[in-house]
Amino acid sequence: MEDTYMIEISMPNGTVKRVNLITYLISDDGKRHYVVYSENETYGDSDDRIIYVSKLLNDDNTLSISEISDDTEWVEVQRLLRRIANVAK
């Protein structure tokens, strides 16, 4: 059984979600941080696991997540994830 690390995410409507943290990414320049997490959801006939990637923000010592909407940022996240995948082989 795989070890899981649970984190809590506060939603804009005031509810709190407990999710499984998969990994944490930091941009090469150290300025952008991302979280990769799962809510244990699956899809398709092969029950592929759905994962989420969000930008981690630190405003006045309060952590929050934000949607990644910039295509350049998505390219960076994909590159960081490929780096992890290549190390895990």
Side-chain angles (χ1 to χ4, degrees):
M1 174 139 175
E2 149 185 342
D3 289 335
T4 59
Y5 184 77
M6 302 297 288
I7 60 173
E8 292 183 348
I9 297 175
S10 296
M11 305 305 291
N13 66 4
T15 62
V16 176
K17 281 188 187 179
R18 286 184 52 82
V19 299
N20 293 314
L21 178 66
I22 296 171
T23 193
Y24 178 85
L25 307 169
I26 302 172
S27 64
D28 290 336
D29 63 8
K31 294 181 180 179
R32 289 167 304 286
H33 300 240
Y34 306 95
V35 290
V36 181
Y37 62 94
S38 168
E39 296 180 15
N40 290 324
E41 300 167 298
T42 59
Y43 72 93
D45 293 335
S46 59
D47 287 331
D48 293 325
R49 189 160 87 168
I50 299 172
I51 63 167
Y52 298 91
V53 181
S54 296
K55 187 173 187 174
L56 187 62
L57 306 172
N58 187 353
D59 298 318
D60 296 325
N61 291 325
T62 300
L63 294 177
S64 62
I65 60 171
S66 173
E67 184 177 318
I68 301 168
S69 57
D70 181 57
D71 288 341
T72 304
E73 226 172 343
W74 269 117
V75 169
E76 176 180 49
V77 167
Q78 291 170 354
R79 186 181 49 73
L80 293 169
L81 287 170
R82 274 194 297 277
R83 187 181 297 164
I84 291 171
N86 289 335
V87 170
K89 286 183 178 181

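Sequence positions, counted from 1, serve as the residue numbers for this chain. Computed from a predicted model, the values in this text were never measured in an experiment.
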key: Heavy-atom side-chain contact between D70 and K55 under 4.5 Å   = no
Hphob cluster co-occupancy, I51 + I68, side-chain heavy atoms under 4.5 angstrom = yes
key: Any side-chain heavy-atom pair of H33 and N58 under 4.5 Å   = no
key: Spacing of CD1 belonging to I7 relative to CD1 belonging to I22, to within rounding of 0.5 Å   = 10.0 Å
inquiry  = Under the ring-ring contact (aromatic ring centres under 6.0 Å, His included) definition, can you give me all pairs with a residue in residues 39-74, not counting sequence neighbours?
reply    = Y37-Y52
request  = Please list, chain by chain and in numerical order, all residues satisfying side chain to side chain donor-acceptor pair (under 3.5 Å) with N40, sequence neighbours excluded.
outcome  = N20
query = Atom CG of L63 and atom CG of L57: how far apart are they, to the nearest 0.5 Å?
reply = 9.0 Å
task = Please round to the nearest 0.5 Å and tell me the distance separating atom CG of L25 and atom CD1 of I84.
result = 4.5 Å
request  = Say whether, by atom type as modelled, one donor and one acceptor occur between the side chain of S27 and the main chain of R32 under 3.5 angstrom.
outcome  = yes
ask   = How many angstroms lie between OG in S64 and CG in L56, if you round to the nearest 0.5 Å?
value = 7.5 Å
ask   = Passes side-chain contact (heavy atoms from CB on, under 4.5 Å), L80 versus D28? Steps please.
value = CA-CA 9 Å; L80 293 169; D28 290 336; 4.2 Å; yes
inquiry  = Which residues pass the side chain to side chain contact (heavy atoms under 4.5 Å, CB included) test with N13, not counting sequence neighbours?
reply    = M11, T15
request  = Search all heavy atoms of T42 against all heavy atoms of D47 and return the closest pair with its distance.
outcome  = CG2-O, 3.5 Å
